[in-house]
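In this chain, numbering begins with 1 at the start of the sequence shown.
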Amino acid sequence: MSFPLPRLECVFDTLGESQANIFSSLDLYSGFHHIEMDEETRHKSAFITRNGVYEWLRLPFGLRNSPVSFQMIMTQVLRGLNWKFVLVYVDDILIFSKTFEEHLRHLEQVFSRLRDANLTLKPTKCEFAVKEVKYLGHILSKHGVQVDPSKTDAV
């Protein structure tokens, strides 16, 4: 399967052009596991244990095409919103807006799409309507994009 993951420079360019002031980051609960494996190809995910041979019924994290497959599904779920006021990178969702009122409308649209697709969020890992947010190893705000210092401290 071939489906492109968004390029980080495109993500950051989109944010810069948006002049956003308010951000929300969403984290899906058991992201990939929301997606059922195709019955005809489940056998390709088989693994052996001392108790027998098993196949994944839901998309696992470790398969080669899992991120690409999930990105494709999330792009379809958020079609028409993505790149306008939503950015989705595999299972990381960012919503960005200029005003709080606009942000509430954007959140409502995203929640509606996620609900329709039976995708659930993990509230403890979400941040709502903040002026600064961590996303893809960076800190985003109306002032721009910075590398998250916690990612560079180890170096």
Taking the side chain as everything from C-beta on, heavy atoms only, tell me whether [X] gets closer than 4.5 Å to [Y].
X: His138; Y: Phe12; value: yes
X: Ile139; Y: Pro149; value: yes
X: Phe128; Y: Val133; value: no

With Val86 as reference, evaluate Leu94, Val110, Leu26 under the side chain to side chain contact (heavy atoms under 4.5 Å, CB included) test and give the passing residue.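 It is Val110, the one option of Leu94, Val110, Leu26 that forms the side chain to side chain contact (heavy atoms under 4.5 Å, CB included) with Val86.
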
Given Phe85, which partner from the list Gln109, Lys98, Glu102 fulfils the side chain to side chain contact (heavy atoms under 4.5 Å, CB included) test?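 Going through Gln109, Lys98, Glu102 one by one, the side chain to side chain contact (heavy atoms under 4.5 Å, CB included) with Phe85 is satisfied by Gln109 alone.
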
[atom2] on [Y] to [atom1] on [X], rounded to 0.5 Å:
X: Thr14; Y: Phe96; atom1: OG1; atom2: CZ; answer: 6.5 Å
X: Leu104; Y: Ile95; atom1: CG; atom2: CD1; answer: 10.5 Å
X: Arg105; Y: Phe100; atom1: CZ; atom2: CZ; answer: 11.5 Å
X: Tyr89; Y: Asp92; atom1: OH; atom2: CG; answer: 9.0 Å
X: Leu87; Y: Leu8; atom1: CG; atom2: CG; answer: 10.5 Å
X: Asp27; Y: Cys126; atom1: CG; atom2: SG; answer: 6.0 Å

Those residues that, when tested against Glu55, pass side chain to side chain contact (heavy atoms under 4.5 Å, CB included) (two or more places apart):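 Here the qualifying residues are Arg42, His43, Ser45, Ala46.
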
Group every Ile, Leu, Val, Met, Phe, Trp and Tyr by side-chain heavy-atom contacts under 4.5 Å, then state whether [X] and [Y] land in the same group.
X: Leu136; Y: Val130; answer: yes
X: Ile22; Y: Leu107; answer: no
X: Tyr54; Y: Leu57; answer: no
X: Val77; Y: Phe111; answer: yes

More than 12 foreign heavy atoms under 6.0 Å from CD of Gln76: is that the case here?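 Atom CD in Gln76 is crowded, with more than 12 foreign heavy atoms closer than 6.0 Å.
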
For the pair [X] (side chain) and [Y] (backbone), establish whether a donor and an acceptor sit closer than 3.5 Å, ignoring hydrogens and angles.
X: Ser97; Y: Thr99; value: no
X: Tyr135; Y: Ser24; value: no
X: His103; Y: Glu101; value: no
X: Arg113; Y: Arg79; value: yes
X: Gln71; Y: Val88; value: yes

On the 0 to 90° scale, with breaks at 30° and 60°, tag the Trp56-Phe47 ring pair as parallel, tilted or perpendicular.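 Trp56 vs Phe47 ring planes: tilted.
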
Taking all heavy atoms of Val90 and all of Met74, pick out the closest pair and write down the distance.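 That closest heavy-atom pairing would be O-CG, 3.5 Å.
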
Any idea which heavy atoms bring Cys10 and Trp83 closest together, and the distance?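 Where Cys10 meets Trp83 most closely, the heavy atoms are O-CZ3, 3.7 Å.
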
For a side chain to side chain contact (heavy atoms under 4.5 Å, CB included) check, start with the C-alpha distance between Leu28 and Leu121, then their side-chain angles and the critical distance, and finish with the verdict. CA-CA 4 Å; Leu28 294 175; Leu121 297 173; 3.6 Å; yes

Does the salt bridge (Lys or Arg N to Asp or Glu O under 4.0 Å) test come out yes or no for Lys134 and Asp148, once each step is laid out? CA-CA 7 Å; Lys134 290 182 182 180; Asp148 181 357; 3.7 Å; yes

Set out, in order, the CA-CA distance, both residues' side-chain angles and the distance that settles side-chain hydrogen bond (donor to acceptor under 3.5 Å, both in side chains) for Ser112 and Glu108, then state yes or no. CA-CA 6 Å; Ser112 175; Glu108 186 177 342; over 6 Å; no

